[in-house]
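Remarks on the structure that follows.
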Amino acid sequence: MIVVWINGAFGAGKTTTARELIDLIPNSTLFDPELIGTGLAHLLPAKRLAEVGDFQDLPIWRRLVVDTAAAMLSELGGVLVVPMTLLRQDYRDEIFGGLASRRIAVRHVLLAPAETILRERTAGREVPPDLPDGEIRARQWSYDQIEPYRAALAGWLTADAHPVDNGTLTPYESAVRVAEAVNSGSVPVCDIVQTPEPTSETVAAGVLLFDERDRVLLVDPTYKAGWEFPGGVVESGEAPARAGIREVAEETGIRLTDVPRLLVVDWEPPVPPGYGGLRLLYDGGRLGGGEARQMVLPGPELRDWRFVTEEEAATLLPPIRYERLRWALRARERGSALYLEAGVPQG
């Protein structure tokens, strides 16, 4: 199962190119995630919609894009052509990582006409004679998105996607270029970690690593939203502490020689669509300056890492992970492990 994701700024010609492309790639279907945003506008309370500037900022939109794409491919097979602007790398990682977890390969194409052409296309949009405010706002909104597009282009987007300059091409000619690039292998499958979604409760082991100032290491995984501790799901037949050691080595390049000491066992209740399970945190000790400098950042798994204070961690971690960290730090101070349920000590 394959997704051909056509990215680009507003006005780049994504949708018109995608409509031509499904006639050029055998057994392909068009899926426009814009429809999910339209549906959510009718489903969610107005108060929730007012809290975000764009429907892409809604976690439910990103989750439904993945779920809908997977469902369509399960039903139809073949190739799914998806025209959608993605300018935030964390949203790209979340969506593409979710697809990868379902064993769906993503080929990422960027339609990249010159900025002058983007502005000309926006200015040339047909406007009704009475100039309704809605149309004016939509045009201005398109102009406003050029700067975020320029920033993404100067950063992660150029390295991530296969560019096609379609500034002087018709939609059909653009589709031919994209089809040729996809069929020839010029557009590789996105290099992103594949972490299958759990089908039942899981056991996960995290390891706290500290620098010389006793700040704790947090990592920003590409395959899920939010900051986290180094670690991951314990595999079948694997000791939890050993799983933590393995995950630390895979994610950071740091190889722990001693079995880390247990700090907390936290039972995380199921919150649909998640299943919850046991979450263990271990004390991996303090890293020397040399070890911290040798830390690697594998692109497929981690977007970023940093050492933070407990107060800084509160601004980065989801509430339940922060509570887990907070009590793990107290257990480290006291020298005895704690049992938690949903981040709250028991007994």
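Since this is a predicted model, take the numbers as computed values, not measurements. Side chains included, hydrogens not; waters and symmetry mates left out as well; all remaining heavy atoms used.
To the nearest 0.5 Å, atom CG of residue Asp160 and atom CG of residue Leu110 are 9.5 Å apart. One distance of note links CG of Leu281 with CG of Leu208; it measures 5.0 Å at 0.5 Å rounding. Annotation: the span from Asp32 atom CG to Thr38 atom OG1 amounts to 8.0 Å, rounded to 0.5 Å. A distance of 12.5 Å separates OG of Ser336 from CZ of Arg330, quoted to the nearest 0.5 Å. For the atom pair CH2 of Trp227 and CG of Asp220, the computed distance is 5.0 Å after rounding to the nearest 0.5 Å.
Note on Arg48 versus Glu51: salt bridge recorded, some NZ/NE/NH1/NH2 to OD/OE distance being below 4.0 Å. A salt bridge between Arg324 and Asp266 is present, with a side-chain N of the basic residue lying under 4.0 Å from a carboxylate O of the acidic one. The pair Glu250-Arg246 meets the salt-bridge criterion, since a charged nitrogen lies less than 4.0 angstrom from a carboxylate oxygen. Residues Arg306 and Glu312 are not paired through a salt bridge, judged by the lack of any N-O separation under 4.0 Å between the basic side chain and the carboxylate.
No donor-acceptor pair closer than 3.5 Å links the side chain of Thr158 to the backbone N or O of Ala154. No side-chain donor-acceptor contact under 3.5 Å links Trp305 to the backbone of Pro230.
In terms of hydrophobic clustering, with Ile, Leu, Val, Met, Phe, Trp and Tyr side chains grouped at heavy-atom distances under 4.5 Å, Val189 and Leu157 are assigned to different clusters. Both Leu316 and Phe210 belong to a single network of hydrophobic side chains, linked directly or stepwise wherever heavy atoms of I, L, V, M, F, W or Y lie under 4.5 Å apart. Neither Leu262 nor Val264 shares a network with the other; the hydrophobic side chains, linked directly or stepwise wherever heavy atoms of I, L, V, M, F, W or Y lie under 4.5 Å apart, form separate groups for each. By the criterion of side-chain heavy atoms lying less than 4.5 angstrom apart, applied directly or through intervening Ile, Leu, Val, Met, Phe, Trp or Tyr residues, Val259 is not grouped with Leu287; the two fall into different hydrophobic clusters. Under the 4.5 Å side-chain heavy-atom criterion for Ile, Leu, Val, Met, Phe, Trp and Tyr, Val207 and Phe229 are members of distinct hydrophobic clusters.
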Next on the checklist: Applying salt bridge (charged side-chain N to carboxylate O under 4.0 Å, His left out) to Arg286 and Asp214, what does each step give before you reach the verdict?
Outcome noted: CA-CA 7 Å; Arg286 187 176 288 114; Asp214 250 7; 2.7 Å; yes
Item to check | Verdict with reasoning, Asp90 to Arg88, per salt bridge (charged side-chain N to carboxylate O under 4.0 Å, His left out) | outcome: CA-CA 6 Å; Asp90 53 342; Arg88 285 188 52 164; 2.6 Å; yes
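For Arg242, the side chain to side chain donor-acceptor pair (under 3.5 Å) test picks out no residue, with sequence neighbours left out. Arg326 pairs by the side chain to side chain donor-acceptor pair (under 3.5 Å) definition with Glu323, not counting sequence neighbours. Applying the salt bridge (Lys or Arg N to Asp or Glu O under 4.0 Å) criterion to Asp23, with sequence neighbours excluded, gives no partner residue. Listed by chain and residue number, Arg102 satisfy the salt bridge (Lys or Arg N to Asp or Glu O under 4.0 Å) test with Asp67 (two or more places apart in sequence, or in another chain). Under the ring-ring contact (aromatic ring centres under 6.0 Å, His included) criterion, Trp61 pairs with Phe55, not counting sequence neighbours.
Between the side chains of Arg279 and Thr202, at least one donor N or O lies within less than 3.5 Å of an accepting N or O.
Through direct or indirect side-chain contacts shorter than 4.5 Å among Ile, Leu, Val, Met, Phe, Trp and Tyr, Val4 is connected to Ile2, Ile6, Leu21, Ile22, Ile25, Leu30, Val79, Val81, Val109, Leu111, Val164, Val178, Val182, Val187.
Aromatic ring centroids of Phe96 and Trp5 lie under 6.0 Å apart.
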